[in-house]
Novice: 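Here it is, the structure in full.
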Amino acid sequence: MRSIDLPVNPTGHAAPVTHVALRPDGKRLASCSYDGTALVWDTQDPARPRHLHRLRHRRLVNACAWNPSLPDLLATCSADKTVAVWRIPDDGASPPDLISVLARHTDDINSVDWMPDGEHLICVSEDGRATMWNALAGTFHSEVGSHTAHCMAVSVSPDGLVATVGEDGMVAVRRPGTDSGTAVRHYDSSIEGCAWSHSGKVLAVARDDGSVDLLTGSLELLRTLEVSESPARTVGWSPDDGALVIGAYDGALHFFGADGQRTHRVQDARLWPRSVSVAGGLVAAGSFWNSPHLYDLEGATEIAAPTAPNHGPNALAAHDGHLFVGCDSGTVFAVDLDGPTLHGEESEVPRAVRALAVADGPVLSLAVRDGALYAATYSGHVIGLLNGRRIVSEQLGAPLPSLCFDGNTLVAGTYNGELVALDPHTLAVTARRRAHGGSVKSLTQLPSGFLSAATDNTVAAGDLHRRATLWEHGNLVNAVAVLGGQVAASASRDHTVKVGRITGDGPGTRRVEAVQTLLGPDESVKCVGLLGDPDAPVVLAGSYDFGLYVWRVDWDAPARTLASGHLLTAFDQGLSCMTPLDGDGIAVAGWDGRIVVVARGPDGEPGIRRDWRIEHLAAQADRHDEALAV
């Protein structure tokens with residue numbers, strides 16, 4: 001397994017902040033990131049948080065937890081399938097010590113929490129397992145529960161009750177080492193956050209429908225807090241249990257009092273409220289920028305904020321000789337593929353690059369048509385740049401990971417599983433429907449209708465109202481691509497790519513045949529593309545294992561696909577997105593900021609024709625305001 005190798009950002013993280021944890025006294029803050037690091041900050045002066053230590057994993061760091069009885073111990077968990085236990089000296093000058101590494105996990109670890117004894121640690125992972133370890137000795141203790149889908153979060157009460165939640169909609173509470181049994185409560189949708197009150201009497205559960213349930217230890221309902229139309233993701237309790245802070249995917253922090261009434265709502269496009277932490281009168285929250293946000297608990301006023309954006313590419317689109325790159329910063333870089341280049345040691349950087357200030361927060365997907373650029377955002381808006389105007393849709397209820405055209409209609413896919421049809425001239429909503437049982441991660445246009453891929457493991461075809469499942473994967477589907485309306489390919493977290501021929505000529509008649517499963521990547525496959533002739537297509541796919549893979553499909557010899565994939569190139573971080581270019585080429589981007597153009601040579605073999613870095617494009621870019629016509 002290769003390690004993430006991003007340039008160190010001296011001001012903080014080089015990628016979005018995934019998790020935050022304040023030490024109970026509020027004087028230290030740990031933050032985790034996609035950049036493969038956890039940072040420890042001195043927050044004794046919360047208006048001026050000071051970076052003290054940088055802790056490294058090989059993959060993105062998902063979460064961390066301070067030890068309840070040994071306050072100098074911090075556990076960090078990662079997609080590299082390990083948990084690290086660190087001793088963090090309180091003097092701020094001595095280097096951290098790595099106490100142990102818990103390394104018998106079989107999948108990404110999503111969350112950790114300490115047992116009250118300060119010695120044992122509960123870890124939950126993508127494979128659905130909840131396990132207990134002797135964290136100081138580094139030894140496995142026992143399995144304490146399991147879910148049928150990803151186990152997303154764990155919280156341990158002060159008296160040792162372990163709560164776990166998962167994408168299967170199950171909440172489970174158990175006391176390890178006893179015969180007291182397990183209390184279980186089931187929901188119809190994913191549950192990704194939970195937190196015990198400090199008294200241990202109430203469990204808060206963050207629901208995918210935007211509500212938070214307050215439950216007893218036996219999982220009886222006490223109260224439901226109606227928080228947002230977007231999924232609620234995380235909960236933090238004040239030390240006296242008199243207030244809750246809830247992060248939701250509407251991009252806001254929601255403050256509630258003990259009476260269940262909302263007291264404050266904080267909205268900031270830089271916020272990534274998948275994690276909150278409360279201690280010492282402070283509230284910390286995650287961010288798409290370089291460092292966490294800090295707020296005053298009582299008044300919800302901002303105390304400290306991130307200082308610099310990250311330009312991690314999330315979305316690509318191409319039109320009329322230009323490549324558009326949508327980033328975490330809300331900037332879209334417009335690159336002239338046919339223009340002159342600057343020759344240098346790093347690469348041949350295009351001379352004509354424009355930086356379009358499209359959004360205040362991350363751009364998740366892009367579409368281009370007839371000189372108009374459309375960007376779908378984490379905030380749940382579609383933003384259009386057309387004819388010198390900037391137009392913005394209503395808030396569509398959830399982040400928008402996908403965007404495409406269906407004839408003359410613009411279609412956005414939401415985190416809630418909806419397809420939303422918009423008028424491309426006004427961005428008014430014309431229709432919407434729930435089409436998938438999970439986030440619509442990817443859309444791509446067909447000659448009539450479109451393909452969709454979602455976290456409910458399916459790939460579907462049709463129009464807004466008539467859709468049929470083409471195939472399923474063994475895990476969520478990240479991306480879908482099409483070639484000539486005749487071949488479809490999909491990329492999945494099950495480490496595979498599927499490719500098949502499409503039959504039928506209309507939304508209600510789409511079917512597939514000759515479906516093949518392509519192997520090669522060792523981790524989740526994030527993006528996919530197709531090159532060449534539908535009778536002998538070339539499949540490209542990018543993985544979280546940093547690899548860009550290639551397969552040549554032989555429809556008459558499907559067994560060859562088990563061994564035919566090969567590595568074209570490796571990035572320094574996971575690959576994020578790709579898009580077809582005019583002609584026979586594909587642009588590919590990774591979260592390390594590398595962008596390559598792949599095209600077939602005279603022999604038909606794909607090769608890298610251009611190779612850029614996002615920081616070089618940013619340095620070359622001319623700045624334009626959001627009203628600039630594309």
Side-chain angles (χ1 to χ4, degrees), residues 1-2 313 316 318 323 337 347 442 444 451 453 459 471 473 477-484 486-502 512 514-612:
M1 179 184 287
R2 296 180 63 232
L316 296 172
L323 176 68
L337 297 175
S347 178
S442 178
T444 192
L451 298 177
V459 174
W471 60 66
H473 278 270
V477 189
N478 283 310
V480 65
V482 68
L483 178 63
Q486 302 175 52
V487 177
S490 57
S492 171
R493 201 190 177 280
D494 67 7
H495 305 188
T496 74
V497 172
K498 287 185 183 288
V499 59
R501 293 178 184 266
I502 301 176
V512 291
V515 178
Q516 297 183 11
T517 300
L518 313 179
L519 304 181
D522 292 326
E523 298 181 42
S524 177
V525 192
K526 183 66 172 67
C527 49
V528 67
L530 290 156
L531 283 172
D533 185 345
D535 290 331
V538 175
V539 181
L540 275 73
S543 171
Y544 277 26
D545 70 7
F546 308 176
L548 177 60
Y549 294 86
V550 177
W551 296 262
R552 296 186 68 89
V553 176
D554 183 344
W555 298 116
D556 297 324
R560 287 181 54 195
T561 62
L562 294 175
S564 62
H566 72 271
L567 182 68
L568 181 63
T569 188
F571 285 55
D572 292 324
Q573 219 322 6
L575 279 77
S576 57
C577 48
M578 61 177 66
T579 192
L581 302 175
D582 298 335
D584 197 18
I586 290 180
V588 184
W591 280 301
D592 60 354
R594 185 184 177 196
I595 301 169
V596 303
V597 173
V598 178
R600 295 194 305 163
D603 59 357
E605 291 297 320
I608 294 174
R609 302 292 179 259
R610 302 185 184 186
D611 197 336
W612 307 314

Novice: How close do G590 and P313 get, heavy atom to heavy atom, and via which atoms?
Specialist: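 For G590 versus P313, the nearest heavy atoms are O-CD, 3.3 Å.
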Novice: If you take all heavy atoms of A481 and G529, which pair is closest and at what distance?
Specialist: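 Closest approach of A481 to G529, heavy atoms only: CB-CA, 3.9 Å.
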Novice: Under a 4.0 Å N-O cut-off, is there an ion pair linking R501 with D535?
Specialist: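 The answer is yes: the pair qualifies as a salt bridge.
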Novice: Could you please spell out the steps behind the side-chain contact (heavy atoms from CB on, under 4.5 Å) verdict for W555 and Q516?
Specialist: CA-CA 8 Å; W555 298 116; Q516 297 183 11; 3.8 Å; yes
Novice: Is the backbone N or O of V480 less than 3.5 Å from a side-chain atom of S442, with the two atoms forming a donor-acceptor pair by type?
Specialist: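 Confirmed, S442 side chain pairs with V480 backbone.
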Novice: Quick one: pull up CG in D522 and OH in Y549 and give me the separation to the nearest 0.5 Å.
Specialist: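 The OH atom of Y549 is 5.5 Å from CG of D522, to the nearest 0.5 Å.
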Novice: Is there a side-chain contact (heavy atoms from CB on, under 4.5 Å) between R610 and L337? Walk through the geometry before answering.
Specialist: CA-CA 10 Å; R610 302 185 184 186; L337 297 175; 3.8 Å; yes
Novice: Give, for atom CG of L530 and atom CE of M578, the distance between the pair rounded to the nearest 0.5 Å.
Specialist: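 Reported to 0.5 Å precision, the distance equals 9.5 Å.
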Novice: For L548 and V598, run side-chain contact (heavy atoms from CB on, under 4.5 Å): C-alpha distance rounded to whole Å, both residues' side-chain angles, the deciding distance at 0.1 Å, then the answer.
Specialist: CA-CA 10 Å; L548 177 60; V598 178; 4.0 Å; yes
Novice: Given side-chain contact (heavy atoms from CB on, under 4.5 Å), test V459 with K498 step by step and report yes or no.
Specialist: CA-CA 10 Å; V459 174; K498 287 185 183 288; over 6 Å; no
Novice: Provide the closest heavy-atom pair for L483 versus G532 in the form atom of the first, atom of the second, distance.
Specialist: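 Answer, listing the atom of L483 first, then G532: CD2-O, 3.5 Å.
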Novice: Verify, without hydrogens or angle tests, whether W612 (side chain) and V597 (backbone) share a donor-acceptor contact under 3.5 angstrom.
Specialist: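 No, W612 side chain to V597 backbone: no donor-acceptor pair under 3.5 Å.
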Novice: When rounded to the nearest 0.5 angstrom, what is the spacing between CH2 in W591 and CZ in F546?
Specialist: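 Here the rounded value is 10.5 Å.
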Novice: For A453 and V477, which heavy atoms make the closest approach, and how far apart are they?
Specialist: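 Answer, listing the atom of A453 first, then V477: CB-CG1, 3.5 Å.
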Novice: Mind checking whether T496 and H473 have side chains closer than 4.5 Å, heavy atoms only?
Specialist: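 They are in side-chain contact.
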Novice: Looking at every heavy atom in both T444 and V482, which two are closest together, and how far apart are they?
Specialist: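 Looks like OG1-CG1, 3.9 Å.
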Novice: Keeping N478 on the side-chain end and V525 on the backbone end, is there a donor-acceptor pair under 3.5 Å?
Specialist: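 Yes, N478 side chain to V525 backbone: donor-acceptor pair under 3.5 Å.
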Novice: Can any side-chain N or O of R2 pair as donor or acceptor with the backbone N or O of F571 at less than 3.5 Å?
Specialist: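 Answer holds: yes.
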Novice: Of all heavy-atom pairs between P521 and D545, which one has the smallest distance, and what is that distance?
Specialist: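 Smallest heavy-atom distance, with atoms named: CA-OD2, 3.5 Å.
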Novice: Measure the spacing between OG of S524 and NE2 of H495 and express it to the nearest 0.5 Å.
Specialist: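 Here the rounded value is 6.5 Å.
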Novice: I'd like to check T579 versus L323 (side-chain heavy atoms, cut-off strictly below 4.5 Å). Are they in contact?
Specialist: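 SC-SC contact between T579 and L323 confirmed.
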Novice: Working to the nearest 0.5 angstrom, can you tell me the gap between C577 SG and I595 CD1?
Specialist: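 The distance works out to 8.0 Å.
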Novice: Between atom CZ of R552 and atom CD of E605, what is the distance when rounded to the nearest 0.5 Å?
Specialist: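 If we round to the nearest 0.5 Å, R552:CZ and E605:CD are 5.0 Å apart.
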